[in-house]
*Asks:* 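After the structure tokens below, expect a handful of questions from me.
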Amino acid sequence: MKRIGIIGGLGPEATIDYYKTIINYFNEENKNRQAVYPEIVIYSVDMWKFVGLLNDGKRKEAAKYLADRIVDLENAGADFAVLSANTPHLVFDEVQDRLGIPLISIVESCAKRAKEMKLGRCLLLGTRFTMQNDFYRKVFKDFDIDIFVPDEEQIEFIHSKIFNEMELGIFTEQTKNEFLEIIADLKDKHNVDAVILGCTEFPLLFKEKEYLQLPFLNTTKIHVEAIIEECLRDN
């Protein structure tokens, strides 16, 4: 098996979920015998440093910060790496260009899954950086899938809840219901056929596969499946 490198800390709750989901897969695969686990190297970065660079418009510095940390993963023997969050995929191409090992994209993995599901119009929820930038839209366009996002007021509300609650490990029914109200409004407005949980903390809040008669695409689970596929692929 290939050695997995994970950039974690963006945020910590999602990093734990990635690790548990990977391990649970191998537990399920080895139910009747001793489990064989892959080697995993995790570098938990400073989330607030990275977010601060984005807030200051320092995209190149943000990309270099992540790339330097992935080089550390490579030096620790990682055969490939992943960013265990959606927001840093804003600088995915810039980071990949600096590396000697491949990155597995959460966005491309999600787009492939959406295509398999024959989806055409998806609502994207995430941080302000994810919703206001076009890195999701560009990738999904290659798969003939349209991306829609909330309005400015809704974007700021969602962004605030992510960083003031979920990134701190706070998950409440009130916030969940408030998000569902926003989704219901946008479902009717844009006639979307699925919701992309474009923040890897969201699956810790929305644990079902479907709400409001819409499939909710769990980007963590989709990404982990791509990670495992790469881990098991022959060199």
Side-chain angles (χ1 to χ4, degrees), residues 4-23 40-74 76 78 80-99 101-110 124-136 139 155 158-171 175 196-206 217-227 230:
I4 303 168
I6 299 176
I7 291 294
L10 298 166
E13 295 293 329
T15 306
I16 295 168
D17 194 31
Y18 265 74
Y19 181 79
K20 285 183 175 179
T21 306
I22 293 170
I23 295 302
I40 304 173
V41 185
I42 300 175
Y43 196 125
S44 187
V45 302
D46 183 344
M47 176 178 68
W48 300 114
K49 177 176 181 177
F50 177 73
V51 171
L53 291 170
L54 292 184
N55 277 328
D56 293 340
K58 296 180 178 179
R59 180 168 173 151
K60 288 183 179 180
E61 290 87 344
K64 183 179 185 303
Y65 176 61
L66 294 181
D68 287 349
R69 303 291 80 77
I70 297 173
V71 169
D72 291 332
L73 293 177
E74 184 177 4
F80 67 98
V82 296
L83 304 165
S84 63
N86 285 267
T87 295
H89 284 70
L90 171 63
V91 293
F92 181 89
D93 291 337
E94 295 96 312
V95 172
Q96 179 66 91
D97 287 344
R98 293 172 174 265
L99 304 178
I101 58 174
L103 278 179
I104 306 298
S105 167
I106 196 171
V107 182
E108 184 175 354
S109 299
C110 188
L124 173 65
L125 301 183
T127 66
R128 181 176 66 241
F129 308 112
T130 296
M131 291 184 283
Q132 289 183 337
N133 285 280
D134 63 356
F135 62 96
Y136 251 95
V139 173
I155 285 174
I158 294 168
H159 183 85
S160 174
K161 287 291 185 177
I162 290 171
F163 283 103
N164 294 322
E165 292 184 13
M166 289 185 280
E167 295 290 8
L168 304 178
I170 301 169
F171 301 90
T175 294
I196 299 169
L197 298 177
C199 170
T200 49
E201 270 69 38
F202 282 164
L204 301 174
L205 189 67
F206 298 103
L217 276 64
N218 179 338
T219 54
T220 299
K221 184 174 184 295
I222 292 169
H223 203 196
V224 165
E225 288 170 358
I227 291 168
E230 182 64 26

*Asks:* Distance check, rounded to the nearest 0.5 Å: Q96 atom CD versus L66 atom CG?
*Replies:* 12.5 Å

*Asks:* Name all residues meeting the salt bridge (Lys or Arg N to Asp or Glu O under 4.0 Å) criterion together with E94; count only those two or more places apart in sequence or in a different chain, and write none if there are none.
*Replies:*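 Residues passing salt bridge (Lys or Arg N to Asp or Glu O under 4.0 Å) with E94: R59.
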
*Asks:* Hey, does M166 have a side-chain heavy atom less than 4.5 Å from the side chain of F171?
*Replies:*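 The answer is yes, as the side chains (C-beta and beyond) meet within the 4.5 Å cut-off.
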
*Asks:* Can you tell me how far the CD atom of E13 sits from the CG atom of L168, to the nearest 0.5 Å?
*Replies:*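 These two atoms lie 9.0 Å from each other.
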
*Asks:* What residues, two or more places apart in sequence or in another chain, satisfy salt bridge (Lys or Arg N to Asp or Glu O under 4.0 Å) together with K49?
*Replies:*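 With neighbours one apart ignored, the set is empty.
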
*Asks:* Would you say the side chain of F50 lies within less than 4.5 Å of the side chain of T87, judging by non-hydrogen atoms?
*Replies:* yes

*Asks:* Mark yes or no for whether T219, through its side chain, and L197, through its backbone, hold a donor-acceptor pair below 3.5 Å.
*Replies:*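 Flag set: sc T219 to bb L197 pair under 3.5 Å.
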
*Asks:* Given side chain to side chain contact (heavy atoms under 4.5 Å, CB included), test I227 with F80 step by step and report yes or no.
*Replies:* CA-CA 9 Å; I227 291 168; F80 67 98; 4.1 Å; yes

*Asks:* Using 0.5 Å steps for rounding, measure from the CD atom of E230 to the CG atom of L103.
*Replies:*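 Separation between the atoms: 11.0 Å.
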
*Asks:* Could you tell me the separation between the CZ atom of F135 and the CG atom of L90, rounded to the nearest 0.5 Å?
*Replies:* 5.5 Å

*Asks:* Would you say D17 and V224 make side-chain contact, with heavy atoms under 4.5 Å?
*Replies:*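 Not in contact.
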
*Asks:* Taking all non-hydrogen atoms of both residues, which atom of H159 and which atom of R128 are closest, and how far apart?
*Replies:* ND1-N, 2.8 Å

*Asks:* Side-chain contact, heavy-atom cut-off 4.5 Å: L73 with I7?
*Replies:*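 SC-SC contact between L73 and I7 confirmed.
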
*Asks:* In Å, rounded to the nearest 0.5 Å, how long is the span from SG of C199 to CG of L125?
*Replies:* 9.5 Å

*Asks:* Tell me if the centroids of the rings in Y18 and H223 come within less than 6.0 Å of each other.
*Replies:*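 Centroid distance Y18-H223: below 6.0 Å, so yes.
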
*Asks:* Whether R69 and D72 form a salt bridge (side-chain N of Lys/Arg under 4.0 Å from carboxylate O of Asp/Glu) is what I want to check.
*Replies:* yes

*Asks:* Measuring only between side-chain heavy atoms, which start at C-beta, is I70 closer than 4.5 Å to Y43?
*Replies:* no

*Asks:* About how many Å separate CG of N86 and SG of C110, when rounded to the nearest 0.5 Å?
*Replies:*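 It is 8.0 Å, given to the nearest 0.5 Å.
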
*Asks:* State, to 0.1 Å, how close L124 and G198 come at their nearest heavy-atom pair, and which atoms those are.
*Replies:* CD1-CA, 4.0 Å

*Asks:* Which residue is it: V45, L10, T130? I am looking for the one with a side-chain contact (heavy atoms from CB on, under 4.5 Å) to P88.
*Replies:* L10

*Asks:* So which pairs with a foot in residues 53-72 pass ring pair (Phe, Tyr, Trp, His ring centres under 6.0 Å), sequence neighbours left out?
*Replies:*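 Qualifying pairs: none.
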
*Asks:* Dump the intermediate steps for side chain to side chain contact (heavy atoms under 4.5 Å, CB included) on E225 and K221, then the final yes or no.
*Replies:* CA-CA 6 Å; E225 288 170 358; K221 184 174 184 295; 2.6 Å; yes

*Asks:* Return the minimal non-hydrogen interatomic distance between A14 and T200, and the atom names on each side.
*Replies:*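 For A14 and T200, the tightest heavy-atom pair comes out as CB-OG1, 3.1 Å.
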
*Asks:* Determine the minimum heavy-atom distance between K161 and T175, stating which atoms define it.
*Replies:*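 Nearest heavy atoms, K161 then T175: NZ-OG1, 3.5 Å.
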
*Asks:* With side chain to side chain contact (heavy atoms under 4.5 Å, CB included) as the criterion, how do I40 and I6 come out once you've worked through the C-alpha distance, each side chain's angles and the decisive distance to 0.1 Å?
*Replies:* CA-CA 7 Å; I40 304 173; I6 299 176; 3.8 Å; yes

*Asks:* For the residue pair L205 and E165, establish whether any side-chain heavy-atom pair is separated by less than 4.5 Å.
*Replies:*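 Not touching, per the 4.5 Å side-chain cut-off.
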
*Asks:* So which atom in G8 and which in T15 form the shortest heavy-atom distance, rounded to 0.1 Å?
*Replies:* CA-OG1, 3.3 Å

*Asks:* For a 4.5 angstrom cut-off between non-hydrogen side-chain atoms, does T220 reach F202?
*Replies:* no

*Asks:* Tell me, do W48 and F163 make a side-chain contact under 4.5 Å, heavy atoms counted?
*Replies:* yes

*Asks:* Begin from the C-alpha positions of H89 and Y136 and carry the test side chain to side chain contact (heavy atoms under 4.5 Å, CB included) through to its verdict.
*Replies:* CA-CA 9 Å; H89 284 70; Y136 251 95; over 6 Å; no

*Asks:* Grab the two heavy atoms, one from M47 and one from G11, that are nearest each other, plus how far apart they are.
*Replies:* SD-CA, 3.9 Å

